[in-house]
Amino acid sequence: MRVTPAGRHVLILGGTTEARQLAAELVGGASGPGPTGAGLRVTSSLAGRVAEPRLPAGEVRIGGFGGPAGLAAWLREHRVDALVDATHPFAAGISRNAVEAAASAGVPLLALRRPGWEPGEGDDWHPVGSLAEAADVLPALGRRVFLTTGRQGLGCFAHLDGLHFLARSVDAPAPPLPADLAVLLDRGPFTLEGERAVLRRHRIDVLVTKDSGGAATAPKLTAARELRLPVVVVRRPDAPAGVATAPDVASAVAWLDRAYR
Ligand code: NAP
């Protein structure tokens, strides 16, 4: 039974597929009021990194809050009843801020974190702790690199003169950049067929990815396995300790129901 009272306000820290799915679920879309009850106010917050973001259902605000104190002030001013940190697993700064702000404003916090990827039979994965470490191991693994780590941080690869890079990002990257760089402007979800075609067309011999998890960008891993390519996998930063965590949207909705009961 869904018992969430109407008139409550949920703030979703977004920028991910799951954040958009959660907003759509809570708002209810075209089919009527969402599962947590009619009248629920849903605001999504985006950092403003992408020029033309896909906008979630419900209300949307864009831009930083000004650190944890700014976020806490926003929670109070807008009478937020629950905060869901549904940001990307590599967005460690905003997740830390969410913990501090929620505690200071006395607002329950849930982290919606999709599980990381696991290597399967036939995978040749090389786990590293950072983009800089990924750059260190690349010369021993290949010559034509597919970088799928986003446009931020490409400077970590700028000194690798002997390698050709294909970088995929939503918006064009800014310098510093590798000298031999082709850019593919695109955004997920991606298909296995499409990923196979990219790897073949650009004669890629090594892939670099963050351990983002989720289905939307996973087909590149299958395509790399099929072609027996090495994959450099950047491990996730540690998530803040002691925070309630949901692995998927359905669990997040269930947590919100319980929090309001
Ligand atoms: P970050 O390093 O953790 O955050 C840096 C600052 O950006 C935060 O302190 C905050 O500024 C602002 N910010 C971040 N996310 C915000 C949000 N959802 N709403 C309002 N302000 C936000 O973040 P990042 O790694 O640059 O990621 C930025 C956004 O892109 C996140 O929303 C994330 O979900 C999305 N994203 C990130 C990645 C990735 O690989 N990092 C991949 C895909 C999507 P103030 O301190 O001023 O509040």
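All ligand and atom numbering here is 1-based and tracks the order in the structure. Position 1 is the first residue of the sequence, and the numbers go up from there. Computation of the quantities below employed the complete heavy-atom set of this structure, encompassing side-chain atoms and omitting hydrogens, waters and symmetry-equivalent molecules.
Of the protein's non-hydrogen atoms, the one nearest atom 48 (O) of ligand 1 is Phe65 N, 2.7 Å. For atom 23 (O) of ligand 1, the closest non-hydrogen atom on the protein side is Ala91 CB, 3.6 Å. Of the protein's non-hydrogen atoms, Ile94 CD1, 3.9 Å is the one closest to atom 10 (C) of ligand 1. Among protein heavy atoms, the minimum distance from atom 2 (O) of ligand 1 is reached at Gly93 N, 4.3 Å. The single protein non-hydrogen atom nearest to atom 22 (C) of ligand 1 is Ala47 CB, 3.6 Å, given as residue, atom name and distance.
Interface atoms of ligand 1 facing Gly67, defined by a heavy-atom separation under 4.0 Å, are 45 (P), 46 (O), 47 (O), 48 (O). Within ligand 1, counting atoms from 1 as listed, the ones closer than 4.0 Å to a heavy atom of Thr87 are 18 (N), 32 (O), 34 (O). Of all the atoms in ligand 1, the ones that sit under 4.0 Å from a non-hydrogen atom of Lys210 are 39 (C), 40 (O), 41 (N). Set against the non-hydrogen atoms of Ser45, the atoms of ligand 1 under 4.0 Å away are 17 (C), 18 (N), 19 (N), 20 (C).
Side-chain polar atoms of Ser104 and Arg76 form a donor-acceptor pair below 3.5 angstrom. Looking at Asp124 and His126, their side chains do bring a donor and an acceptor atom within 3.5 Å of each other. Side-chain polar atoms of Ser95 and Arg113 form a donor-acceptor pair below 3.5 angstrom.
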Applying side chain to side chain contact (heavy atoms under 4.5 Å, CB included), run through Val183 and Leu181 and close with a yes or a no.
-> CA-CA 6 Å; Val183 175; Leu181 172 74; 3.8 Å; yes
Are His78 and Thr43 close enough, and set up right, to give a side chain to side chain contact (heavy atoms under 4.5 Å, CB included), and what steps lead you there?
-> CA-CA 10 Å; His78 297 268; Thr43 303; over 6 Å; no
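Which of Gly64, Gly153, Gly14, Gly150 comes nearest to atom 32 (O) of ligand 1 through a heavy atom is settled by distance: it is Gly14. Of all the listed residues (Ala19, Gly66, Gly48), Gly66 holds the heavy atom that lies closest to atom 47 (O) of ligand 1. Taking each of Gly15, Pro89, Ala92 in turn, the one with a heavy atom nearest to atom 44 (C) of ligand 1 proves to be Gly15.
Residues meeting the side-chain hydrogen bond (donor to acceptor under 3.5 Å, both in side chains) test with Gln152, sequence neighbours left out: none. Take Arg61 and apply the side-chain hydrogen bond (donor to acceptor under 3.5 Å, both in side chains) test, not counting sequence neighbours, and it matches Ser45.
A cation-pi arrangement is not found for Arg144 relative to Phe165, the charged atom failing to lie both closer than 6.0 Å to the ring centre and inside a 45° cone about the ring normal.
Just one of Leu83, Leu11, Leu75 meets the side-chain contact (heavy atoms from CB on, under 4.5 Å) condition when paired with Leu109; it is Leu83. Partner Leu22 forms a side-chain contact (heavy atoms from CB on, under 4.5 Å) with one of Leu110, Val42, Val253 and no other, that one being Val253.
Only side-chain heavy atoms of Asn97 come within less than 4.0 Å of ligand 1; its backbone N, CA, C and O stay farther off.
The shortest N or O to N or O distance between Leu13 and ligand 1 is not below 3.5 Å. Among the atoms of Arg49, some N or O lies under 3.5 angstrom from an N or O of ligand 1. The N/O atoms of His88, backbone and side chain alike, include one that comes under 3.5 Å of an N/O atom in ligand 1.
Between the Asp123 side chain and the Arg225 main chain, no donor and acceptor come within less than 3.5 Å of each other.
Distances shorter than 4.0 angstrom do not occur between any heavy atom of Leu71 and any atom of ligand 1. Ligand 1 has at least one atom lying under 4.0 Å from a heavy atom of Gly63. Remark: distances from the non-hydrogen atoms of Gly70 to ligand 1 are all 4.0 Å or more.
Nearest heavy atom pair, residue Leu46 against residue Gly15, reads CD2-N, 3.6 Å.
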